[in-house]
Protein chains: 2
Amino acid sequence: MANANTISSQVIDAILSQRLAPNTRLGEQDLAALFGCSRTIVREALVDLAARGIATVSPRRGWYLTEVDTEKARELYVAREIIETGLLRHLARRKQALPTAALDQIARHLDAQAEAVAGDDIPRRSYLLGDFHVCLANSLGNSVLAANLRDMTVLTTLFTMRHQTPHDAQRSYEEHVAVFEPLTRGDALAAEEAMRCHLSTWEEKVNKARDYAPVSALHTALTPAADLRGVNASLTDTAKKEPLL
Amino acid sequence: MANANTISSQVIDAILSQRLAPNTRLGEQDLAALFGCSRTIVREALVDLAARGIATVSPRRGWYLTEVDTEKARELYVAREIIETGLLRHLARRKQALPTAALDQIARHLDAQAEAVAGDDIPRRSYLLGDFHVCLANSLGNSVLAANLRDMTVLTTLFTMRHQTPHDAQRSYEEHVAVFEPLTRGDALAAEEAMRCHLSTWEEKVNKARDYAPVSALHTALTPAADLRGVNASLTDTAKKEPLL
DNA sequence: GGCTCCAATCTTGTATGCAAGATCTGCATG
DNA sequence: CATGCAGATCTTGCATACAAGATTGGAGCC
């Protein structure tokens with residue numbers, strides 16, 4: 001019924017929406033049943049996800065969503081800072097304004113974020129706040145870096161979920177606006193600084209997380225926080241039918 | 001006999017060594033026979049390469065090495081400049097010297113490059129000159145960006161091969177040294193500037209290449225330049241047995 | 001009760017068979 | 001000679017069967 005591309009896309013969307021946690025098992029048979037196709041297609045999707053570092057296979061034991069350790073998380077945040085500030089710096093060097101169409105696209109994305117932050121659809125909120133960075137890279141005219149950034153965003157999401165760093169959605173949104181506003185004035189350098197500031201706050205969290213022992217999957221499963229109860233509920237047997245949708 | 005990983009690695013090595021040109025057909029059956037395994041394994045390797053943008057499948061027609069157009073090449077060069085100068089800039093911001101082990105690793109790679117540039121093993125020379133950038137990113141302590149950079153290097157190689165931009169190996173080597181030398185003095189900012197200079201010369205070439213019509217695979221095959229004769233010879237029927245090795 | 005070992009079960013690893021679409025070749029026809 | 005058509009061939013798409021390792025559960029023994 002479904003092809004490999006839709007399977008991997010749905011897995012990625014589910015991660016960005018924080019509906020799938022790191023170390024989640026991705027059984028070939030389960031996914032095949034869920035998507036109504038054979039293991040061949042599922043394996044194709046899983047190999048794709050593995051190539052992007054999102055899934056990992058343990059021989060003859062099973063596929064699992066990657067568990068990102070603090071060292072890798074550090075690399076990821078450095079990489080994101082380099083790429084995202086670098087894109088804005090590159091824009092500044094070119095000394096030419098961003099096309100109106102690009103600005104509009106970002107503005108529309110920010111509107112959607114504002115709406116999601118005000119509402120109570122937490123998965124959508126998580127998704128949009130992460131997707132903003134990909135959208136920005138795309139608007140800046142570099143699809144190659146945008147694609148890399150998407151995978152990095154997925155991996156950082158896997159890290160922050162595990163370490164339960166409190167994600168202040170309202171603040172993230174405001175910082176996104178702080179990146180966008182200078183762009184409307186053509187001040188890409190100011191936007192770069194705002195972006196560096198935005199990402200460095202995340203980097204601080206990683207450094208803090210290094211001090212804590214990483215929360216195990218079992219631990220989070222058995223001691224659900226109040227705001228996670230809804231997420232964990234979907235893992236019970238009765239609701240297990242379509243965990244990805 | 002061989003697993004998917006070795007197949008994709010060998011394809012990548014062959015591209016970096018300029019032994020495989022863009023648009024080269026990667027038939028599942030051919031590769032399966034070549035590596036002594038079934039199409040299943042070959043497909044796994046091809047899906048991996050496709051996820052990294054290196055191979056493309058045309059439904060029911062076949063797999064081919066990606067043909068990189070000028071727009072994508074521009075994005076690739078911008079991406080590489082952002083990442084590689086960004087890594088050095090990040091090093092400069094941290095205001096701490098590169099570990100001796102890292103410097104040694106780069107130095108040893110440069111020695112190998114010098115040897116290859118002096119010798120006549122053109123595939124090895126091509127490989128090392130491209131691999132330097134990956135080695136540098138690794139030495140700078142970011143394996144995530146190093147992996148992304150490897151794929152980008154592969155794609156830029158596919159572009160330059162097609163457009164036959166004359167590759168001055170000696171000059172590339174000297175520019176690599178010019179990046180390394182400031183690092184030994186702890187002057188990462190000077191290294192960043194040298195790297196920007198090194199990459200911008202390539203960017204100029206892309207802008208020039210935009211004016212030319214891209215040379216088709218058939219065209220290069222039928223009008224071999226003197227210095228490419230050895231490469232094309234390996235594509236004749238009698239020597240076709242192991243084009244990757 | 002606790003420990004060991006073996007069988008049952010579950011997982012991925014790999015090959016293969018068949019289906020279906022694309023291309024190519026050769027023939028018939030104008 | 002050009003053109004269109006049809007069969008032959010070659011290609012990937014996908015499902016399935018079987019192999020083999022990993023885990024688990026329980027029976028039997030100490």
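Order of the sequence lines fixes the chain letters, A, B, ..., with proteins taken first and strands second; residue numbering starts at 1 for each chain.
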I need the [atom1]-[atom2] distance between [X] and [N], as an integer number of Å.
X       : N      : atom1 : atom2 : result
B:Arg43 : C:dT16 : CZ    : P     : 16 Å
B:Trp63 : D:dC10 : CH2   : C1'   : 17 Å
A:Leu46 : C:dT11 : CG    : C1'   : 13 Å
B:Glu28 : C:dA15 : CD    : C1'   : 13 Å
B:Leu31 : C:dA15 : CG    : P     : 14 Å
A:Asn3  : D:dA15 : CG    : P     : 11 Å
B:Asp30 : D:dC10 : CG    : P     : 12 Å
B:Arg25 : C:dT23 : CZ    : P     : 12 Å

- prompt: Do NZ/NE/NH1/NH2 and the carboxylate oxygens of B:Glu115 and B:Arg124 come within less than 4.0 Å?
  reply: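 Looking at B:Glu115 and B:Arg124, the cut-off is not met.
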- line: Of B:Arg60 and A:Arg60, the one whose nearest nucleotide on DNA chain D sits closer to the 5' end is B:Arg60
Which residue lies more 5' along DNA chain D, comparing B:Gly62 with A:Thr40 via nearest heavy atoms: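 Upstream on the strand: B:Gly62.
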- request: Taking atom CG of B:Asp120 as the centre, report whether more than 12 heavy atoms of other residues, nucleotides or ligands fall under 6.0 Å from it.
  value: no
statement: Out of D:dA15, C:dT12, C:dT14, minimum distance to the side chain of A:Cys37 belongs to D:dA15
- request: Please determine, for the side chain of A:Ile41, which listed nucleotide (C:dT12, C:dT16, D:dC14) has the closest atom?
  value: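 Comparing C:dT12, C:dT16, D:dC14 against the side chain of A:Ile41, the answer is D:dC14.
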query: Does the side chain of B:Gln18 come under 3.5 Å of the side chain of B:Thr157 through a donor N or O and an acceptor N or O?
result: no
message: D:dC10, OP1 or OP2 - any side-chain N/O from B:Arg61 closer than 4.0 Å?
response: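 B:Arg61 to D:dC10 OP1/OP2: no side-chain N or O under 4.0 Å.
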query: A:Arg39 side chain N/O closer than 4.0 Å to the phosphate oxygens (OP1, OP2) of C:dT12?
result: no
query: When the ring planes of B:Tyr77 and B:Phe159 are compared, do they come out parallel, tilted or perpendicular, using 30° and 60° as the limits?
result: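 Perpendicular: the ring planes of B:Tyr77 and B:Phe159 meet at over 60°.
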- prompt: Below 4.5 Å, heavy atoms only, C-beta onward: do B:Val42 and B:Cys37 meet side chain to side chain?
  reply: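 Yes, close enough: below the 4.5 Å cut-off.
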